[in-house]
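Here the structure is laid out as structure tokens; the discussion comes afterwards.
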Amino acid sequence: MNDIRNYLSQLGLPSGDLYGLPTSEKRFDDGGQYRFEVPGIQGPAAMKALLEQLDNYGIGIHRVTQTKGIMFLLDSEIEQMLEYAEKWKVELLLATGPRATTDTSASVNTPEGVRMGYRLRGQEQVIRAVEDIRRAARLGVRSFMVYDEGLLWLLNKMRADGFIPRESKFKISAHTGHGNPCSARLMQENGANSFNPVRDIQLQMLAAIRAAIDIPIDIHTENPKSTGGFIRHYEVPEFIRVAAPIYLKTGGSVAATHSWDTTEADAKKRAKQVALVKRVIDTYYPEAVVSPK
């Protein structure tokens, strides 16, 4: 297999998983190695409760992500979330809808169909997904989570042509099921601004993905029960070291599922999880550089 490894190297890709766990020298534009992201914040009440509780802990985060879909939010709710994003100086990232789990097809709910993830079925669903993004963009949102590679390709073209705002940013979701350097490179080339690999990615695999791409990597420090329920807080210092620049997706273990309707009480629990992860970083990798707000 050495000829395959040599060919990968010629493409600028790692020749295998990087068991040596090299330290990443890549950084965010502001020099930071890591940022905090709290996903699963489905509406303004939960967002406000989360950010207020983080203030109580004296912790600032960088991203708040709604995962259920733009189509489930009223215009007034989006506008309120944008107000909170401006007040607390966080990036608001909304998820694209519709997706497979809300389509009329039952395939995604079968044992075999689960492999399709949240990908779109048919061109009409693609058009509706673009319109979901255009609606949020008209209200001022500029960051979106994307679940379908074809949709990402199209949005990248539309962004370049000015059909949607040129400053739009796209995060590729873990629900597309990617977990290797070649897939990560493909997503970067197709316009992803950050890449979320599968949730159980191991350190040597993560190091290889970092070697293949320059965009930030989004890593779950913990997970809802529906996607394994595992908590990886003690691995976070190594996540940062080998994968910077990295978004630490924290608070997921509070939820039962990916699209969990986070209550205000749940949001406060998610804030506590951020504080727990920060403690691990401060204790075991104190020299790690967090991006300023």
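When reading the values below, keep in mind they use all heavy atoms of this one structure, side chains included, and skip hydrogens, waters and symmetry mates.
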Can you check whether [Y]'s main-chain N or O pairs, donor with acceptor, with [X]'s side chain at less than 3.5 Å?
{"X": "Gln188", "Y": "Asp214", "value": "yes"}
{"X": "Thr283", "Y": "Arg279", "value": "yes"}
{"X": "Asp132", "Y": "Ala129", "value": "no"}
{"X": "Ser24", "Y": "Ala244", "value": "yes"}
{"X": "Asn180", "Y": "Cys182", "value": "yes"}
{"X": "Ser168", "Y": "Pro165", "value": "yes"}
{"X": "Thr96", "Y": "Met145", "value": "yes"}
{"X": "Lys26", "Y": "Arg210", "value": "yes"}
{"X": "Ser173", "Y": "Thr176", "value": "no"}

Distance (rounded to the nearest 0.5 Å) between [X] [atom1] and [Y] [atom2]:
{"X": "Glu149", "Y": "Ile172", "atom1": "CD", "atom2": "CD1", "value": "5.5 Å"}
{"X": "Ile219", "Y": "Leu206", "atom1": "CD1", "atom2": "CG", "value": "4.5 Å"}
{"X": "Glu91", "Y": "Ile61", "atom1": "CD", "atom2": "CD1", "value": "11.0 Å"}
{"X": "Leu21", "Y": "Gln204", "atom1": "CG", "atom2": "CD", "value": "7.0 Å"}
{"X": "Trp153", "Y": "Asp148", "atom1": "CH2", "atom2": "CG", "value": "12.0 Å"}
{"X": "Asp218", "Y": "Arg199", "atom1": "CG", "atom2": "CZ", "value": "11.5 Å"}

With a 4.5 Å cut-off on side-chain heavy-atom distances among I, L, V, M, F, W and Y, is there a chain of contacts connecting [X] to [Y]?
{"X": "Leu248", "Y": "Val254", "value": "no"}
{"X": "Val236", "Y": "Val289", "value": "no"}
{"X": "Ile213", "Y": "Val242", "value": "yes"}
{"X": "Ile246", "Y": "Tyr285", "value": "yes"}
{"X": "Met71", "Y": "Phe170", "value": "no"}

Query raised in the report: side chain to side chain contact (heavy atoms under 4.5 Å, CB included) between Tyr234 and Tyr284: does it pass, once the steps are laid out?
Result: CA-CA 9 Å; Tyr234 279 104; Tyr284 301 106; 3.7 Å; yes

Query raised in the report: Can you name the salt bridge (Lys or Arg N to Asp or Glu O under 4.0 Å) partners of Lys157, sequence neighbours left out?
Result: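 With sequence neighbours excluded, Lys157 shows a salt bridge (Lys or Arg N to Asp or Glu O under 4.0 Å) to no residue whatsoever.
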
Report task. Assess the side chains of Arg35 and Ser291: does a donor N or O sit below 3.5 Å from an acceptor N or O? Result ->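 Arg35 vs Ser291: donor-acceptor pair found between side chains.
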
Query raised in the report: Does any donor atom in the side chain of Gln125 or Arg128 lie under 3.5 Å from an acceptor atom in the other side chain?
Result: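 There is such a pair (donor and acceptor under 3.5 Å, judged by atom type) between the side chains of Gln125 and Arg128.
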
Least distance between heavy atoms, [X] atom then [Y] atom:
{"X": "Tyr34", "Y": "Ala288", "value": "CE2-CB, 3.8 Å"}
{"X": "Ala184", "Y": "Ile209", "value": "CB-CG2, 3.8 Å"}
{"X": "Asn156", "Y": "Asn190", "value": "CB-O, 3.2 Å"}
{"X": "Ile217", "Y": "Pro197", "value": "CG2-CD, 3.8 Å"}
{"X": "Ala271", "Y": "Leu50", "value": "N-CD1, 3.8 Å"}
{"X": "Leu120", "Y": "Pro98", "value": "CD2-O, 3.3 Å"}

Report task. Go through Glu131 and Arg138 one step at a time and tell me if the salt bridge (Lys or Arg N to Asp or Glu O under 4.0 Å) criterion holds. Result -> CA-CA 10 Å; Glu131 182 59 15; Arg138 286 192 293 270; 3.4 Å; yes

Report task. Given side chain to side chain contact (heavy atoms under 4.5 Å, CB included), test Asp200 with Asn223 step by step and report yes or no. Result -> CA-CA 9 Å; Asp200 58 351; Asn223 290 272; over 6 Å; no

Would you say [X] and [Y] make side-chain contact, with heavy atoms under 4.5 Å?
{"X": "Leu151", "Y": "Arg119", "result": "no"}
{"X": "Val277", "Y": "Phe36", "result": "yes"}
{"X": "Asn193", "Y": "Ile215", "result": "no"}
{"X": "Asp75", "Y": "Arg135", "result": "yes"}
{"X": "Thr102", "Y": "Phe72", "result": "yes"}
{"X": "Met187", "Y": "Leu152", "result": "yes"}
{"X": "Lys272", "Y": "Tyr57", "result": "yes"}
{"X": "Phe28", "Y": "His62", "result": "no"}

Report task. Take atom CD of Glu86 as the centre, draw a 6.0 Å sphere, and report whether it contains more than 12 heavy atoms from other residues, nucleotides or ligands. Result ->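 Atom CD in Glu86 is not crowded, with 12 or fewer foreign heavy atoms closer than 6.0 Å.
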
Query raised in the report: Would you say Phe230 has more than 12 foreign heavy atoms packed within less than 6.0 Å of its CZ?
Result: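 Yes, CZ of Phe230 has more than 12 neighbouring heavy atoms, counting only those of other groups under 6.0 Å.
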
Query raised in the report: Looking at Tyr247, is Arg63 sitting on its ring face, NZ or CZ under 6.0 Å from the six-membered ring centre and within 45 degrees of the normal?
Result: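 Yes, Arg63 lies over the aromatic ring of Tyr247.
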
Query - Residues Asn6, Ser9; criterion side chain to side chain donor-acceptor pair (under 3.5 Å); working and verdict - result: CA-CA 5 Å; Asn6 291 335; Ser9 295; 5.4 Å; no

Report task. Take Thr65 and Glu37, measure what side chain to side chain donor-acceptor pair (under 3.5 Å) needs, and give me the verdict at the end. Result -> CA-CA 7 Å; Thr65 304; Glu37 173 181 350; 2.6 Å; yes

**Report entry** Criterion salt bridge (Lys or Arg N to Asp or Glu O under 4.0 Å) on Glu52 and Lys268, from CA distance to verdict
**Finding:** CA-CA 8 Å; Glu52 288 179 341; Lys268 292 178 181 179; over 6 Å; no

Requested in this report: Assess whether side chain to side chain contact (heavy atoms under 4.5 Å, CB included) is satisfied between Ile127 and Glu124, documenting all intermediate values.
Outcome: CA-CA 5 Å; Ile127 292 168; Glu124 293 301 320; 4.2 Å; yes

Requested in this report: Decide side chain to side chain contact (heavy atoms under 4.5 Å, CB included) for His220 and Ile201; before the verdict, give the C-alpha distance in whole Å, the side-chain angles of both, and the deciding distance to 0.1 Å.
Outcome: CA-CA 9 Å; His220 291 85; Ile201 200 79; over 6 Å; no

Query raised in the report: Does Phe195 have any ring-ring contact (aromatic ring centres under 6.0 Å, His included) partners at least two apart in sequence or in another chain, and if so, which?
Result: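 Once residues adjacent in sequence are excluded, Phe195 has no partner under the ring-ring contact (aromatic ring centres under 6.0 Å, His included) criterion.
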
Report task. Would you mind telling me which of Lys249, Arg232, Arg270, Gln273 makes a side chain to side chain donor-acceptor pair (under 3.5 Å) with Glu222? Result ->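 Result: among Lys249, Arg232, Arg270, Gln273, Gln273 is the only option passing the side chain to side chain donor-acceptor pair (under 3.5 Å) with Glu222.
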
